[in-house]
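To find a chain, count down the sequence lines: A is the first, B the second, and so on, and within it residues start at 1.
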There are 2 protein chains.
Amino acid sequence: MDKRELLLEAATKLFVERGLHATPTSAISKQAGVSAGILFHYFKTKDDLIDELYVSIKKEYTSSILIDIDRIKSDLGKLRLIWSNSWNWAIDNDLKFKFLLQVDNTNCSERVKSHPEIITKVEKFNNFIQEYVDKELVKNIDTYFLMTSMFSLITSMVNYLTLFPELCHDQVFIEQAWEMFYNCLKP
Amino acid sequence: MDKRELLLEAATKLFVERGLHATPTSAISKQAGVSAGILFHYFKTKDDLIDELYVSIKKEYTSSILIDIDRIKSDLGKLRLIWSNSWNWAIDNDLKFKFLLQVDNTNCSERVKSHPEIITKVEKFNNFIQEYVDKELVKNIDTYFLMTSMFSLITSMVNYLTLFPELCHDQVFIEQAWEMFYNCLKP
DNA sequence: TCTTTAATTGACTAATCAGTCAACAAAAGT
DNA sequence: ACTTTTGTTGACTGATTAGTCAATTAAAGA
């Protein structure tokens with residue numbers, strides 16, 4: 001198997017368990033079952049590894065959000081799919097999601113948040129929300145504020161579902177959570 | 001001035017700037033203008049300092065939330081005061097707030113989240129919300145889920161206001177943000 | 001005043017870290 | 001078959017770290 005991939009996977013696990021700086025590169029290579037030196041063959045520095053890991057996971061997450069979006073006709077249905085895609089991906093990839101949260105809440109994330117591919121994704125999503133503002137399906141307020149509010153609600157839902165996983169399939173809870181989400185956004 | 005306090009203040013600043021593990025104790029004592037050894041006179045270990053800092057800041061934050069709550073009569077007014085107290089404290093104490101966010105999104109926070117004083121505060125707030133559920137002023141859903149949703153919205157608002165501080169005094173924005181907050185909670 | 005206790009210093013240590021490197025192995029090209 | 005490139009190893013290094021400690025100063029009691 002690709003050792004680069006093994007290293008990224010091991011790093012995700014250890015970073016979430018111990019934190020970025022408390023995880024030595026030696027522990028990452030050990031967890032991945034490869035030699036200590038090879039990490040610096042694939043990544044110039046440890047910070048480089050962190051950056052590449054963040055960007056690749058963020059891309060994976062933002063891509064997952066729009067899955068099957070064209071199979072839905074109604075605007076509200078699309079918004080609901082974005083909502084459920086978001087927390088479903090996070091539940092299915094809890095280590096990766098926790099890694100994103102950890103980095104997003106660190107100042108060192110400034111280094112990587114300005115990555116061009118991520119900025120593009122954010123802009124795309126921004127335009128998507130602007131359409132909803134124009135159609136008067138959501139509040140007429142700055143789209144970036146709408147976006148952060150949306151993702152903060154999704155994040156809190158993911159954290160809650162992580163504590164009570166059985167609720168993932170509880171239709172009553174899911175319906176109430178969606179109601180809260182959309183009530184927050186609607187005009 | 002109290003060197004213990006100087007150390008905590010310096011630690012808050014550096015932890016937020018560099019991250020917990022990327023901040024050596026030597027940097028903390030240097031920033032505080034005291035000798036390297038004195039840190040271990042006031043705190044047994046570095047982790048001890050982190051724990052004590054977290055608990056003291058969390059207590060300060062949770063206390064600030066209920067300021068002047070008895071001067072308001074209406075239930076809705078009280079809820080709105082909790083909301084504005086929360087983000088006002090966070091804006092006024094941005095370093096401390098960022099420190100809380102950073103620790104809350106780390107696995108190492110498990111160590112400290114179970115601190116008795118913090119559990120008591122959370123339970124108190126939980127009961128407060130339960131009253132609102134009983135009075136049918138907020139959705140009939142698990143109070144812990146309501147609580148995390150509330151604070152996630154407040155957090156996203158604080159992050160947004162940090163980027164655009166002038167909006168703190170923009171009555172239109174504040175009113176819309178409150179509308180979003182309460183629409184999310186109401187039955 | 002004298003004694004005891006607490007606060008404070010900074011040089012020190014043992015451990016740990018990110019990153020290097022010479023050597024070797026495997027693939028790929030010719 | 002032979003050469004070049006690429007992947008891989010693990011011992012090594014210089015720098016940095018958390019935490020110690022003997023010595024010094026300040027404060028408090030008697």
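What separates CD1 of A:I38 from C1' of C:dT20 is a distance of 14 Å, to the nearest Å. Following rounding to the nearest Å, A:L39 (CG) and C:dC21 (P) show an atom-to-atom distance of 17 Å. Distance, B:D2 CG to C:dA6 C1': 14 Å, rounded to whole Å. The separation between B:H21 atom NE2 and C:dT16 atom P is 16 Å, rounded to whole Å. In this structure, the OH atom of A:Y42 is 19 Å from the C1' atom of C:dA18, given to the nearest Å.
Using a 4.0 Å heavy-atom cutoff across all strands shown, A:S29 reaches no nucleic acid atom at all. As judged by a 4.0 angstrom heavy-atom cut-off over every strand, A:F43 is placed among residues making no nucleic acid contact.
Protein chain A touches strand DNA chain D; the 5'-most and 3'-most nucleotides with an atom under 4.0 angstrom of its non-hydrogen atoms are D:dG7 to D:dG10.
Set against C:dT8, C:dT9, C:dG19, the side chain of B:V34 has C:dT9 as its closest nucleotide.
B:S35 has no side-chain polar atom (N or O) that falls below the 4.0 Å cut-off from OP1 or OP2 of C:dG10.
With ring centers used as reference points, B:F151 lies under 6.0 Å from B:F125. Taking the ring centroids of B:F173 and A:F145, they lie under the 6.0 Å cut-off.
If A:K46 and B:H41 are placed on DNA chain C by their nearest nucleotide, the residue sitting closer to the 5' end is B:H41.
Look at B:K13 and B:E9 and you find no salt bridge, because none of the NZ, NE, NH1 or NH2 atoms lies under 4.0 Å from a carboxylate O. A salt bridge between A:D68 and A:R71 is present, with a side-chain N of the basic residue lying under 4.0 Å from a carboxylate O of the acidic one. The pair B:E179-A:K139 meets the salt-bridge criterion, with a side-chain N (NZ, NE, NH1 or NH2) lying under 4.0 Å from an Asp/Glu carboxylate O.
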*Show your working on side-chain hydrogen bond (donor to acceptor under 3.5 Å, both in side chains) between A:T12 and A:K98 and close with a plain yes or no.*
CA-CA 9 Å; A:T12 309; A:K98 277 179 188 159; over 6 Å; no

